Amino acid sequence: MITEVLGGEEFLAQALGRTHRVFPAPPKAGDRFAGLLTWPALNQILDTHRLEPPRLRLALDGQAVPTSEYCERRTFRQMPPWDAPQPHLLAAQLRNGATLVLDAIEEMHPPIRDLVSALERDLRTGIQVNAYASWTAKEGFGVHWDDHDIIVIQVSGAKRWRIYGPTRPAPLYRDISFDDTPPEHPIDEFTLHAGDVLHVPRGWWHAAAASTGQPSLHLTCGLTTHTGIDLLSWLVDELRVHEAIRADLPRISDSDGHTTWRREVGKLVSERLDDPSLIASYLTARDAAYGTRGGFSLPHAVHEQLPSDPDLSVWLTTPRAVTRKAEQTVALEAAGQRWVLTRKATPLLQMLASGRPVTLGALAQAAGISTAQTARLLERLLRAGVLAVSGR
């Protein structure tokens, strides 16, 4: 749903990482993201998870609120001590203008986990979602920039934003230079209302505060997009196949050896950089290596065999699985692992790679095999941790 809101390929080509853009909600669609995170659901997460700072934290005027101001130190006989947030103390800090931040909420709340899996599949990049709740016009973080692109989803309430633009294009978390002085004047100011979406590229200075009079709840999707540094790091690993790359460097006094090494290695690198499919190969390799989300499938994962129940629901736990078709076979690559099956299994793997839950019966019908054969095939994926199962 979010990808459709962003505009699909047009967003990727014209906005992502290039400029900020607001995507307003259509009339009477302010509740279109309400199911992602409700206030009762947030309260339940806070009540039932051991959310020690900095996983859960408060921020005010660009500073972290000391945990002693809203937590109580608790000790246990067989567990490490932890700082437990206290509801009344936390509420007092929020009343005073602090912003509540909950990192990686997709790991705790299925609707957001499903959102992340869909976004990762469409954008082909890793994503972490943080939740932000605030009540006053005070800014939690002040004017700042992030080292990753962000997509902001206003779930409820309203939030005022100021966008200042970049002072260093495409900054990195590990960089050789940092600019700590924001531009003096914003280039845009607006209010996000429930149902609106905002994109801010990495390195763009911005600030946000709740619109006075109503609580604001929004989600920020942080995108770990692919950079030239990432591709070159991958390429170095790929070049390990060549002896010239693995060999010791020439001695410092061997000037002829230096020249020979530079020419030989330069040729190897140039040949790879001249390959028109290099970037596509890198992205596919990253997809195939990407890890899983969730996947606990008790009691089925412990059983010797997966039951041949046509109503059993299964799905891949890695959102960026890759299928490769050959003349006689089809391969599934996921979470750094590879399985080769007969070409007849292609429809089955394509259904799984979509990321949507599908029944054993539907997979069997697509592949033209029995549910028992399908169950035996899927057991391999279940044992490898890339398949999840739910059912009776």
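Only a predicted model underlies this, so the values are computations on that prediction, with no experimental measurement involved.
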Do the side chains of Asp230 and Arg286 get close enough for a salt bridge, i.e. N-O under 4.0 angstrom? no
Arg263 side-chain N/O to Trp261 backbone N/O, donor-acceptor pair under 3.5 Å: no
Quick check: do Asn96 and Glu69 have side-chain heavy atoms less than 4.5 Å from each other? no
Would you call Asp103 and Arg55 a side-chain contact if the rule is heavy atoms closer than 4.5 Å? yes
If every non-hydrogen atom of Thr371 is compared with every non-hydrogen atom of Pro310, which pair is closest and at what distance? CG2-CB, 4.1 Å
d(Thr318 OG1, Arg121 CZ) to nearest 0.5 Å is 9.0 Å
Where do Ala41 and His109 come nearest, in terms of heavy atoms and distance? CB-CE1, 3.7 Å
For Ala98 versus Val65, what's the shortest heavy-atom pair and its separation? CB-CG2, 4.3 Å
Find the distance between CD1 (Ile176) and CZ (Arg168) and round it off to the nearest 0.5 Å. 5.5 Å
Gap separating the OG1 atom of Thr224 from the CZ atom of Arg202, nearest 0.5 angstrom: 11.0 Å
Do Tyr290 and Leu349 belong together in a cluster built from hydrophobic side chains that touch within less than 4.5 Å? no
Before giving the answer on salt bridge (charged side-chain N to carboxylate O under 4.0 Å, His left out), spell out for Arg338 and Glu333 the whole-Å C-alpha distance, their side-chain angles and the decisive distance to 0.1 Å. CA-CA 4 Å; Arg338 190 169 191 264; Glu333 298 179 7; 3.0 Å; yes
Do His206 and His144 have their ring centres less than 6.0 Å from each other? yes
What is the distance from atom CD of Gln128 to atom CD of Glu106, rounded to the nearest 0.5 Å? 5.5 Å
Short side-chain to backbone donor-acceptor contact, Glu139 and Gly62, under 3.5 Å: no
Same cluster (ILVMFWY, side-chain, under 4.5 Å), Val5 and Leu115: yes
Rounded at 0.5 Å granularity, tell me how far OG1 in Thr323 sits from CH2 in Trp339. 13.0 Å
In plain terms, say whether Glu379 and Arg376 are close enough for a salt bridge, that is, a side-chain N and a carboxylate O under 4.0 Å apart. yes
For a side chain to side chain contact (heavy atoms under 4.5 Å, CB included) with Leu102, tell me which candidate from Leu37, Asn130, Ile45 qualifies. Ile45
